[in-house]
Every structure is written in C-alpha cells, then in structure tokens.
Engineer: 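One structure coming up, written as structure tokens, with questions to follow.
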Amino acid sequence: METLKVLVDIVIVLAVLAVGLGILLFPIWFDTYIKNKTGKGFLNYWLTGIELICLIGCFNPTDDTFEGNLGCLLIAVVISAVIAWKKAKKFQLEKSMAIRAVSAQILSPVSILFILFMIESVISSLKKNTKDK
C-alpha cells in the first residue's frame, strides 16, 4: 500500500511539473507560432522588461515600498494586456487566439524569471561542488 501511495505522489508531482513547465514555456511557444505564421513576433519586449522589473520589486513583502511595487506591477500588467489586445486585433487574430496572446504577454516575465532562477541555481551548485573538491 505504501508503494502505491508513493507512486501516486510521484505521478502528481510529475503532472504538476509538466503543467507548470507548459505554462512557463507558453509565451515562447506562442511568439514562435505567431512569428512563423505572420513573419513578425508578437511579444513586446519593452513591456516584458517593465513587468519583470516590477515583479522583481515585489519579492520582499516586508519592505516599506511593497504596496507601491505591487501597484506598479498591477498597472504594468494592465497596460501590457491592453496593448497586447490591441496588437492581437491588429494581427487579426480570432478571439481565442487574442486571449492566448494577452496571456503570453502577461506570462512572459514569469518565464524569464524562472529561467534566471534555474541558471542561478545551476551556477550556485557548480560553485558549491568546486569548493567541496
């Protein structure tokens, strides 16, 4: 019975990881899909950078400026969503594709941040391994 419980737990963890990885890779996939379809990329890298800066500012909830950083992030996400919606209409995407476009634009800084955390984790583990030897 214990083995079955462990296997179920492993399957659940793998499913959550697969869904999370799919969500994180979605902006890259969507931008590539639109670029192949229309010849132009969809994501606005300036807005992604602004959202990323605001997202990094929200890491410390005990900071005095947390509420301001959170408000800045909210404003950046709303502006990014509106601009992405207008760009989707300009690209003449149907409604479901336009919603995906807005989602891709909003999730793009999260993808970048996740990739940066993975790189930092690998580098820190390599440093630790070299110090141990």
Side-chain angles (χ1 to χ4, degrees):
M1 197 64 170
E2 285 288 320
T3 307
L4 184 62
K5 185 176 187 241
V6 170
L7 287 175
V8 168
D9 288 344
I10 290 173
V11 168
I12 290 171
V13 167
L14 289 176
V16 168
L17 285 174
V19 169
L21 190 59
I23 289 170
L24 291 175
L25 291 177
F26 174 69
I28 297 167
W29 169 81
F30 186 80
D31 195 43
T32 304
Y33 174 77
I34 295 295
K35 189 176 271 187
N36 288 339
K37 189 175 178 183
T38 64
K40 292 183 178 181
F42 185 83
L43 295 179
N44 187 326
Y45 300 117
W46 287 100
L47 289 174
T48 298
I50 292 170
E51 285 178 275
L52 184 61
I53 291 168
C54 294
L55 186 63
I56 290 171
C58 292
F59 277 172
N60 188 5
T62 60
D63 192 14
D64 293 339
T65 61
F66 176 72
E67 289 85 12
N69 293 341
L70 193 61
C72 178
L73 177 63
L74 181 64
I75 291 169
V77 167
V78 168
I79 290 171
S80 181
V82 169
I83 291 174
W85 184 262
K86 288 182 180 184
K87 194 171 185 179
K89 292 300 178 184
K90 182 180 168 188
F91 275 62
Q92 297 177 348
L93 300 176
E94 63 265 4
K95 190 173 184 176
S96 65
M97 219 36 168
I99 292 171
R100 291 180 191 153
V102 171
S103 300
Q105 181 65 51
I106 291 172
L107 289 175
S108 61
V110 176
S111 297
I112 292 171
L113 199 60
F114 179 74
I115 291 168
L116 289 175
F117 281 148
M118 285 181 55
I119 291 170
E120 189 272 332
S121 173
V122 168
I123 289 173
S124 67
S125 69
L126 287 175
K127 283 183 180 179
K128 184 180 177 186
N129 287 340
T130 57
K131 285 182 181 180
D132 290 341
K133 290 184 180 182

Engineer: Can you confirm whether Asp64 is buried at CG, in the sense that more than 12 heavy atoms of other residues, nucleotides or ligands lie under 6.0 Å from that atom?
Structural biologist: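 Check fails, neighbour count at 12 or below.
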Engineer: Grab the two heavy atoms, one from Leu43 and one from Lys87, that are nearest each other, plus how far apart they are.
Structural biologist: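 Where Leu43 meets Lys87 most closely, the heavy atoms are O-NZ, 4.2 Å.
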Engineer: Between Tyr33 and Phe42, is there shared hydrophobic-cluster membership here, with clusters defined by ILVMFWY side-chain heavy atoms closer than 4.5 Å?
Structural biologist: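 Yes, because Tyr33 and Phe42 connect within a single hydrophobic cluster, where side-chain heavy atoms sit under 4.5 Å apart.
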Engineer: Hey, could you give me the CD1/CG distance between Ile28 and Leu107, rounded to the nearest 0.5 Å?
Structural biologist: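 It is 11.0 Å, given to the nearest 0.5 Å.
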Engineer: Taking the side chain from Ser111 and the backbone from Leu24, do they hold a donor-acceptor pair closer than 3.5 Å?
Structural biologist: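 Judged by distance alone, yes, a pair lies under 3.5 Å.
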Engineer: Arg100 and Phe26: which non-hydrogen atoms are nearest, and at how many Å?
Structural biologist: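 That closest heavy-atom pairing would be O-CE2, 3.4 Å.
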Engineer: Distance from Leu74 atom CG to Glu67 atom CD, nearest 0.5 Å?
Structural biologist: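 Taking CG in Leu74 and CD in Glu67, the distance rounds to 13.5 Å.
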Engineer: Just verifying a value: how many Å separate Ile50 CD1 and Ile75 CD1, rounded to the nearest 0.5 Å?
Structural biologist: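 With rounding to 0.5 Å, CD1 (Ile50) is 12.0 Å from CD1 (Ile75).
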Engineer: Compare all side-chain heavy atoms of Trp46 with those of Ile83 and state whether any distance is below 4.5 angstrom.
Structural biologist: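 No, every pair of side-chain atoms sits at 4.5 Å or beyond.
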Engineer: Taking all heavy atoms of Asn69 and all of Gly57, pick out the closest pair and write down the distance.
Structural biologist: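 The pair with the smallest heavy-atom distance is ND2-O, 2.8 Å.
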Engineer: May I ask you to test the Ile34-Leu93 pair for a side-chain heavy-atom distance under 4.5 Å?
Structural biologist: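 In short, these two side chains touch, coming nearer than 4.5 Å.
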Engineer: Drop me the distance from Leu52's CG to Leu116's CG, to the nearest 0.5 angstrom.
Structural biologist: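 It comes to 7.0 Å.
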Engineer: Out of curiosity, Leu21 CG to Phe114 CZ, how far, rounded to the nearest 0.5 Å?
Structural biologist: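 Separation between the atoms: 6.5 Å.
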Engineer: Inspect the surroundings of NZ in Lys86 and state if more than 12 heavy atoms from other residues, nucleotides or ligands are less than 6.0 Å away.
Structural biologist: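 Not buried by this count: 12 neighbours or fewer within 6.0 Å.
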Engineer: Are any of the side-chain heavy atoms of Met97 and Phe30 separated by less than 4.5 Å?
Structural biologist: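 Sidechains of Phe30 and Met97: in contact.
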Engineer: Looking at Ala84 and Ala101, what are the two nearest heavy atoms and their distance?
Structural biologist: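 So the minimum-distance heavy-atom pair works out to CB-O, 4.4 Å.
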Engineer: One pair to check against side-chain contact (heavy atoms from CB on, under 4.5 Å): Phe117 and Leu113. What are the steps and the verdict?
Structural biologist: CA-CA 6 Å; Phe117 281 148; Leu113 199 60; 3.9 Å; yes
Engineer: Please assess Asp31 against Tyr45 for the test side-chain contact (heavy atoms from CB on, under 4.5 Å), listing each intermediate value before the final yes or no.
Structural biologist: CA-CA 11 Å; Asp31 195 43; Tyr45 300 117; 3.1 Å; yes
Engineer: If you look at every heavy atom in Phe66 and Pro61, which pair is closest and at what distance?
Structural biologist: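 Shortest heavy-atom contact: CD1-CA, 3.5 Å.
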Engineer: Check whether Ile112 and Ile106 end up in the same hydrophobic cluster, where Ile, Leu, Val, Met, Phe, Trp and Tyr are linked by side-chain heavy atoms less than 4.5 Å apart.
Structural biologist: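 Same hydrophobic cluster.
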Engineer: Indicate the atoms forming the closest heavy-atom contact of Asn44 with Gln105, along with that distance.
Structural biologist: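 Shortest heavy-atom separation between Asn44 and Gln105 comes out as N-OE1, 2.9 Å.
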Engineer: With Val13 as reference, evaluate Ile10, Leu17, Val16 under the side-chain contact (heavy atoms from CB on, under 4.5 Å) test and give the passing residue.
Structural biologist: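 Passing option: Leu17.
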Engineer: Drop me the distance from Ile53's CD1 to Leu73's CG, to the nearest 0.5 angstrom.
Structural biologist: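 Those atoms lie 12.0 Å apart.
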